[in-house]
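See structure below.
Letters A, B, ... are given to chains in the order of the sequence lines, protein chains preceding strands, and every chain is numbered from 1.
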2 protein chains.
Amino acid sequence: MTVAETGLRARTRRAILDAAFSTLTGNSGASLSDVAAAAGVGRTTIHRYFPERTDLITAMSEDLLEKIALATTRARLNDGTAIQALDRLLQEYFELGDYLMLAFTEPHIIDAADWETESPADRQLIAMIERGREEGSVDARMPASWVQQVMWALLYASWQQIRDEETSKHDALGLCLLAFHKAVGSA
Amino acid sequence: MTVAETGLRARTRRAILDAAFSTLTGNSGASLSDVAAAAGVGRTTIHRYFPERTDLITAMSEDLLEKIALATTRARLNDGTAIQALDRLLQEYFELGDYLMLAFTEPHIIDAADWETESPADRQLIAMIERGREEGSVDARMPASWVQQVMWALLYASWQQIRDEETSKHDALGLCLLAFHKAVGSA
DNA sequence: CTTTCTTGGAACACATGTGTTCCACTGTCT
DNA sequence: AGACAGTGGAACACATGTGTTCCAAGAAAG
């Protein structure tokens, strides 16, 4: 019963989590057998690490929040103008790709507990956008919450563009930044 | 066995379809019992109109394509500048709301058969965007497919904004049009 | 009122996913 | 070689959704 993170256990856990992300993206109803196959482990092993399905979902939610918090830190929201910080944040989030897609396409999977209350990263982001509206780098006609919505939506669009239109990651990011900059920047 | 669209049958069918749209939006795995309850009919009745689950999905797909085609026609894509036509189309699509959300959040539900091959509405739209790029009203740095992606993404964002941020439909549409116009219009 | 159409509910067999238990196999470390 | 942690697979009971059949009740049309 003791679980002394032996390195192997940590690796197996990660493999299961990653497989869960990639499998449940685009098929929210996938079975644990599907996840197990994608992770290259037996279904029994999944139950060893996550006794119930909801435990796996919860772990995914926590994992995602962690990744988002890290990306937000790396973006240094307080450096430079707000619009520059937004550009950096967009690039960081862009790199999360697969992980974020799930939160977008199947919000009901994540919306469990932690997510309901605004995360620290969210509060930081909203505050930073407000700063941009005051300093004039962000279009003041748009509420901060809308700017945030647009950011998420364009991120989603850029990943769809990669999937559907054989666009390179680099080009997609460029288009995303261009559209975002034009859309929410001050005229 | 004969099905002579008696007006009552048509109404029941519509009730089931509408319930299916509203129920499956946000919970793609909802059971037919859930749909039946939402439609105010018995589960047996659903099977009378749509023998198998896939038949219901197919009917939803066809219904949605029809609504999109109608909206596209109403937008008169060939009148005025391309950017004006895009504004009109955005407003038409905005009104479809609930119906379109499903295609967005659960594409795998719709992606069945008809959808794979580009619909006529899609081709019309792409051609119109190309026209805008040539005449200079649409930012030529953006591929037509990307402009389309941005349109869908901002539509989704505006509906999210209504759901999450207690914004009125009117304000949300205004923000959507503003962001879209700025994002894809020529500088 | 009587016939016809449509419906809702109960009961059923069937398929699929879930969670558990048990046992044998494979590495690794000593 | 022996001890041990980690694993995969089979087997099981259980829950839920699906598709079908049958029948009685209600509404609509003559």
Quiz prompt | L32(A) vs H47(A) side-chain heavy atoms within contact, under 4.5 Å | solution = yes

Quiz item: Does Y49(B) have a side-chain nitrogen or oxygen under 4.0 Å from the phosphate oxygens OP1 or OP2 of dT6(C)?
Solution: no

Quiz item: Taking atom C1' of dT7(D) as reference, at what distance in whole Å does atom CZ of R9(A) sit?
Solution: 11 Å

Quiz item: Considering residues at least two apart in sequence or located in another chain, which fulfil the side-chain hydrogen bond (donor to acceptor under 3.5 Å, both in side chains) criterion with Y156(A)?
Solution: none

Practice problem: Specify the separation, in whole Å, of atom CZ of R11(A) and atom C1' of dT7(D). | Solution: 13 Å

Practice problem: Nearest 0.5 Å please: distance from the CG atom of L173(B) over to the OG1 atom of T167(B). | Solution: 12.0 Å

Quiz prompt | Where Y49(A) and I16(A) come nearest, the two heavy atoms and their spacing | solution = CD1-CD1, 4.1 Å

Quiz item: Could you write nucleotides 10-27 of chain D as a row of B, S and -, 5' to 3', where a protein heavy atom under 4.0 Å of any base atom gives B, of only sugar-phosphate atoms gives S, and otherwise -?
Solution: BB-----SBBBB------

Name every donor-acceptor pair, under 3.5 Å, that has one atom in a side chain of residues 179-187 of chain B and the other anywhere in the protein, sequence neighbours excluded.
from, atom 1, to, atom 2, distance (Å)
K182(B), NZ, D139(A), OD2, 2.6
K182(B), NZ, A183(A), O, 2.9
K182(B), NZ, G185(A), O, 2.7
S186(B), OG, G136(B), O, 2.8

Practice problem: Decide yes or no for V138(B) and R131(B): does some side-chain heavy atom of the first lie under 4.5 Å from some side-chain heavy atom of the second? | Solution: no

Quiz item: At under 4.0 Å, does any side-chain N or O of T45(B) touch on OP1 or OP2 of dT6(C)?
Solution: no

Show which side-chain atoms of residues 36-45 of chain A pair as donor or acceptor with protein atoms under 3.5 Å away, not counting sequence neighbours.
none

Could you pull out every donor-acceptor pair under 3.5 Å between side chains of residues 143-153 of chain A and any protein atom, sequence neighbours left out?
from, atom 1, to, atom 2, distance (Å)
S145(A), OG, Q161(B), NE2, 3.0
Q148(A), NE2, D122(A), OD1, 3.3

Practice problem: Quick one: the dot-bracket string of DNA chain C, using Watson-Crick and G-U wobble pairs with both distances under 3.5 Å, [ ] for crossing pairs and | for bases paired to another strand. | Solution: ||||||||||||||||||||||||||||||

